[in-house]
Amino acid sequence: MSATNDAFLETFPVTLRDAATNWLPAPWNWLAQGLIAVVAVLAIFGSLFAILTLVERKALGRVQNRPGPNRTGLPYTARLPWLKFTEGKIFGLGQPMADGIKMLTKEDIVPREADQVLHFIAPVAMLAMSLMTFAVIPFGRNLVPVELDASVLYFFAAGAATELAVFMAGWGSRNKFALLAAMRALAQLISYELPLILSFVPVVMIAGSLSTVGIVAAQSSWHWGFIPHWYVLTPWGFAGFLIFMVSALAESNRSPFDLPEAESELIAGHLTEYSGFKYALFFMAEYLGMTALSGMAVTLFLGGWNAPLPFLQFIPSYVWFAVKLLTLLMGFIWIRATLPRLRMDQLMHLSWKFLVPLCLVNLANTTVWHLTASLPLAVRWLLCAVIIVAPFTLIGRSLTKGVAPRTYRYAE
Amino acid sequence: MSAPSENSPSAVRPPSSGADPSAFPGLTSAPGSNIRAVNDPFHGDLLEVSMGPHHPSTHGVFRMMVTLDGEVVVKLKPVFGYLHRNHEKLGENTTYLASMPYTDRLDYLCSMTNNWAYALAVEKLAGQPVPERAEYIRLILAELTRLLNHVCLAGFLLQDCGASGTPLMYAFREREKILDLFESLSGSRMMCNYQRFGGCRIDPSAEWLDRVRALVAGFPRFLDEFERLITGNEIMMARTPGVGCLSPKLAISAGITGPMLRAAGVDYDLRKVDGYGIYPRYKFRVPLGAHGDTYDRYMIRVLEMRESLGLLEQVMKDIPGGPIMDPKAKLRGLRPKAGEAYGRIEGPKGEIGFFLISDGSPNPYRYRVRPPSFVNLTVLEDLCLGHTIADAVIILGSIDIVLGEVDR
Amino acid sequence: MNPLQLCLILSSLLFAVGLAAALARTHAILVLLGVELMLNAANLNFIAFWRYGPPASPADGIMFVVFSIAVAAAEAAVGLALIIAVYRHQKNIRLQEANRLKG
Amino acid sequence: MQTPEQIRDRLLARFPGAGVTFVANPGASAQHSLLLAASEARAIAEFLRDDPELALDTCSNVTGVDWPEKEIVETIKKNVPDPAGGPDKVVEEKMKKTQPGCLEVIYHLYSMSRKQGPVVIRLRTGNRTDNVTLPSLTPVWRACDFQEREVYDLFGIVFAGHPDLRRILMWDGFKDHPMRKDYVDPDDFEWEPTPHDDVLERAKEHYPAAPVTAAPTASPTPEGKA
Amino acid sequence: MIAFAVIALLILASASLAMCLRNLVHSVLLLVANWAGIAVFYLWAGAEFVAFAQLLVYVGAVSMLSLFAVLLTRRSFHDLDIIPESVSRATWALLTAGAVAGVLIGTILGSPFGNVTEAAPAVSMRQLGEELAGTHVAGLLVVGIILTVALLGGVVIASKDKEDKS
Amino acid sequence: MLGSGLLQGLAVTAKNLVGSFHDPARYTTVEYPEVKEQLPESFRNFPFLVTDNATDPMGALRCVACQICEKECPPQCIYIEKSKDKKPDATGKPQLYPAVFAIDTSVCMSCQICVEVCPFDAIKMDQEFEIATTDRFSALLLNREQLAKPNTYFHQIRPTEAAEVDGRLTAERKAAEEKAKAAAAAKAAAAAAPKPAASAVPTATPAATAPTAPKPAAAATPAVPTPEKPAP
């Protein structure tokens, strides 16, 4: 740990919070600090959600050779001299706001046949659950809303409940497409919870901690002073990271695993009968869930808030966290822009026949890594890489058997 | 998901009617092992879903009444006619010429080939020759239309697979270039109304032909990139092979034409068989599939695009000068002798034919369109049975229908 | 009344609810869920004794619950699979009718 | 490829006494056709499909045609003997004859395996009202499935033996057959202020002195013919 | 104590309501609330690990399985309304359950429970892990085997019979 | 190896993402209201009527109300009523003119058949496409005044075609004039003794046209049978 730990910027958020709450008597002091954390998470990730929707649409647009939303400006910005060149459009920054206003003012339609209670609870539960997962993510040094001993467990316990909300939405809508979506959501959750959990078990094994803070702390050193000690840079960690990200795509219903809301098959799946504010809540929950899972991936595999190189530590830890988080989010968007969707049975096969076995192999791999601690790093690294790459190739080959690109004959 | 082994030919076709269940003892004769009999007394856990007419992936106002066992299609009935405007009656109530712009609106992606097919039928009916240069222009436009249609189809198919618009937008980027060419030639991007009986409407300039050459030269680069994005993609390889296999026997019996037929392995291309226009003068190959599944249908189209490019390259080298309209051709007041004629060409979607009966009056007595996508839809149920609902969507996408043509 | 007794009363009430459900309902899934409730009531007891009972090994109560939860999960999985199998045979899952051992 | 005449002769040899007539096409295309009697049509169609020389394995196009009753005026010259005993007078007598109407289905058959065609066959109904049943060729060529349904829908020809004969383009409750020559548009009409004269005329009927905003008097459309 | 009362109320109310409802999906979802309440109880009692395990297993897995079973064994949207049980059956069940509860509560109230430790025994995660992998390793293995067997058994039982009419 | 195809696809999209910032071949969007693509000369939208006199557009419509376009129009969206009188056209020859010429652009399908069949080059396709209105009935029905546009406008939107048309027309006129001159010369040569009665004809013609003279002005207003309301 270097001296930068006490830098002004590094401690600034905590200092600010303490200054605001330290004058309060003991129990209230604690409550106020919690409240501030909640408000801060809500504010930061709420606005991140808003910007993310815009960024996603713009990135998708750019990938597809079009500009994306670039018209909706914010009022009065045209008068600001330094924004004059944007002619009040400021690159479409007003789009999320316009979307929000549109969503809020739309009519809320509840089908007559719908299960009124479930139809109402579903979006609320979904948003609440995905917000709750933010409680244990360490956003920076000393910046974790709740420090728990078993915070990783907490994260996945809370995250598991979101698919329940998808089920409620699908079931409660009394719509056949939504019902199919509900079935798909359940099956998908059951299939992907397992690889998601199994993929981080190696991290817990090596870090020796179930607490997110502990896991980040375990990754905060450097080999030879320049290779960060992040788990993603080990063979088992890399495999775990990939499996985690694939499962995270499925857990957050993102393309190519967006089967519950597959628009070309099920119109909008569980969202078919939702409109207005409730739809906005679902939308928000999806993005927040994606953000939370990315944050957890950063914490578990990418060294959390640690800087990649020692001399970069002068940049505050939360900035590093944000950079990594945004990188992963851009990855989500990139994948969405590229890949077609899997079919339901293939989705299950991918989980049960590919990810889960790989996870188990990876567990063994981690044990090997742990037991060969005395060997030189390069040897260890190669050994473990072979252990994970070999089954990957073998299982992958069996999965793609018989679907090699074909050759075609021609008639003259 | 095991694919239906062999499509049953016509005689043992599974009944799709709900009209008289006693006449058809269930779907037990249907292909595929995982189809539960619809007439199972325990019917309740089948889910009947009406996909369409307002559904994102039915390519227009098309409806599939799907009965699902879980996610597996056990019964599928196409319902259409929402766009029906009785095109044939319109054609019978107007002059021969006035039907020409209406043919644009049949398959609104391929107005040029529709125009040609209609012009060909009328020329057959009236015994009208076409000058040399016009034949060249017609071929160029038809092959450009084929490019345009196939590239759109590939994009839409991927859209149906769930690729959030990216391949579609790439496809549309290239399509726009062809549409620009059409616009600068005929004045309209999609409703070209370009062909006339005995020639074409506007003589393309040398500059226009140069633009076509440039497009033909640049197109393979796009195709390569598109194939890198799609063809080797594992998800595409998981989704499409083995899905919606069409046996050659059924394909022939059901009158399937176009890339769908050739994907089933039947060597039948009207450009070769009928040898209309100046196609016999040029060398091009006809790609043939072996499985007749969705992947083959996609790949055949990609390969056909490449062949079309080769063909265009040859044709662009020797376009003769001369008139584009036969001097004896009548624009107005065409009154062919009494008789009938069936003219057909290989449209991008298959055989598009026009059948005309003349009674010597300025209006055709009978004006019939043989739309390829309408006939190709015949086998939709056979292809989808035993596959999941997600597959039904991409099978429909790979059949390549345009509702303007199906409903007429 | 000390906290331990309160906890135990809570768990016995929960157990009674589960028992009543398992006895009264004929729907197989509800019966199974009633059994789950009774299991949960037992788990409550473990935690209650661990928390307020006489000190033993500090992790014993937790160990019990962890194992019991694992077994409960296995039980639920098998039970629900059985229910689906029963449904396959008799097209409903009313328990009174599930009286044949062979389908 | 055999000419239609040759095919007719072969058919007559194979099916003695079958109703196979050669129909010439006077037009420039010279696509002649064969008129089959309805009773043997199915058997003949199967023969055409299975005959190795023809191998007409696909049916490209199925068309209905409506031939309404036509009045034909024939002028006949008659020699009327002069009662006075003179030479016969030539009197032109005009005979009005009604040619009975019928509905016709035309099939364009091709061979995909031998790459030849077309062979055009036609079937005719007895009349246009009650005797409109023809054998369905869908069991022979699956391609006729939707097209025969369309002919049924638009012309009202009933195809016996079709597995799924329902309306296909018009909706199920529709009564008439729109492609018939004597079809009259249903009198449902939505007013739009266009200067079509006939539209304005009909507007007058439908909106007798009513304000524009009034809902159209949507009567259950009296179809053109029963 | 207030917290305990709220938790107890949540647990009991959701459980009894869930067992009374006609709509099966509602029942299962209420039971999810009940299981979550029990997890909150564990948290209140200081057993963090157990609480999260409870959430993961019950809310995350068992509830899904139950819902799946519900969906798979139903015929239509309206098929979930369960026919009410016969009155006599319900009465007998309630009487039995009441008797059991009475006996239990009587015993609890009658038993002298002294020796209450006010502070929860502190168990760190590491300690738990060591217990699990040390003292109780046999149990852990057995549970693992049980789970595997149960999983396989479930798959075998629920998978379609091969000779089932197709 | 599993995943290589996915990586290839990702590379393609990444290339496009980056390319959209610098490569005009990849970023083909034209931001419409600000930037407008140059229309090809042959672009067509709805028809308009060509007038030869720019100062008085209604004065010299080339249209002679022959009604060929009305007959040939596939969707039957042209309505023409012939005038009762004749007016001199650009060459001074008296011609009929359309008292009513209306095109229902809600029906028109821009097929250009009216242009092709017009023997007088009187109707041409316009290129104006920003023609949205808020009224879907009468605003879409263009009458004679709205359709009339000067020949200079035609030159502006389609220089090549307009030049060709003008060349053809002047040639025709010249030929007609020469023919007329020749005819007049022949007539003059033939007319040895003009009859006195013939002088009455020129005097009578203005008298005959006088009552109808205010007609064009009057016809302008009720050009179309009032479409607002069906006659009760």
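Proteins come first, then strands; the chains are lettered A, B, ... in the order of their sequence lines, and each starts at number 1. Computed over heavy atoms, backbone and side chain alike; hydrogens, waters and symmetry mates excluded.
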Side chain / backbone / both / neither for [X] at chain D, heavy atoms under 4.5 Å:
X: B/Gln128; value: neither
X: B/Leu125; value: backbone
X: B/Glu351; value: side chain
X: B/Ile256; value: backbone
X: B/Ala126; value: backbone
X: B/Val406; value: backbone
X: B/Ser358; value: neither
X: B/Asn376; value: neither
X: B/Asn86; value: side chain

Please give me the minimum heavy-atom distance between [X] and [Y], naming the atom from each residue.
X: B/His84; Y: D/Leu154; result: NE2-CD2, 4.0 Å
X: D/Asn25; Y: B/Glu340; result: ND2-O, 2.6 Å
X: D/Pro26; Y: B/Ala338; result: CG-O, 3.3 Å
X: B/Arg368; Y: D/Gln147; result: NH2-OE1, 2.6 Å

Is the shortest heavy-atom distance from the side chain of B/Ile357 to the side chain of D/Thr63 under 4.5 Å?
no
When you compare the side chain of B/Asp267 with that of D/Met112, does any pair of heavy atoms fall below 4.5 Å?
no
Decide salt bridge (charged side-chain N to carboxylate O under 4.0 Å, His left out) for B/Arg366 and D/Asp66; before the verdict, give the C-alpha distance in whole Å, the side-chain angles of both, and the deciding distance to 0.1 Å.
CA-CA 8 Å; B/Arg366 177 79 179 99; D/Asp66 182 20; over 6 Å; no
What is the distance from atom [atom1] of [X] to atom [atom2] of [Y], rounded to the nearest 0.5 Å?
X: D/Met179; Y: B/Tyr367; atom1: CE; atom2: OH; answer: 10.5 Å
X: D/Lys115; Y: B/Leu270; atom1: NZ; atom2: CG; answer: 11.0 Å
X: D/Ile168; Y: B/Phe80; atom1: CD1; atom2: CZ; answer: 3.5 Å
X: D/Ser60; Y: B/Arg370; atom1: OG; atom2: CZ; answer: 4.0 Å
X: B/Ile352; Y: D/Asn61; atom1: CD1; atom2: CG; answer: 11.0 Å

Quick one: what part of [X] sits under 4.5 Å from any heavy atom of chain B, side chain, backbone, both or neither?
X: D/Gln116; value: neither
X: D/Asp57; value: both
X: D/Asp153; value: neither

Counting only N and O atoms by type, is there a donor-acceptor contact under 3.5 Å from the side chain of [X] to the main-chain atoms of [Y]?
X: B/Thr378; Y: D/Phe146; result: no
X: B/Ser253; Y: D/Arg142; result: yes
X: B/Lys89; Y: D/Arg180; result: yes
X: D/Lys181; Y: B/Tyr365; result: yes

Name the orientation class of the two ring planes belonging to D/Tyr110 and B/Tyr342 (parallel below 30°, tilted from 30 to 60°, perpendicular beyond 60°).
tilted
From the list D/Ser33, D/Cys144, D/Ser113, D/Pro178, the residue making the most non-hydrogen contacts under 4.5 Å with chain B is D/Pro178
Looking at chain D, which one of [options] has the largest number of heavy-atom pairs inside 4.5 Å, strictly under?
options: B/Glu88, B/Arg344, B/Glu92; value: B/Arg344
options: B/Gly339, B/Gly343, B/Pro78; value: B/Gly339
options: B/Ala121, B/Gly127, B/Pro336, B/Ala341; value: B/Ala341

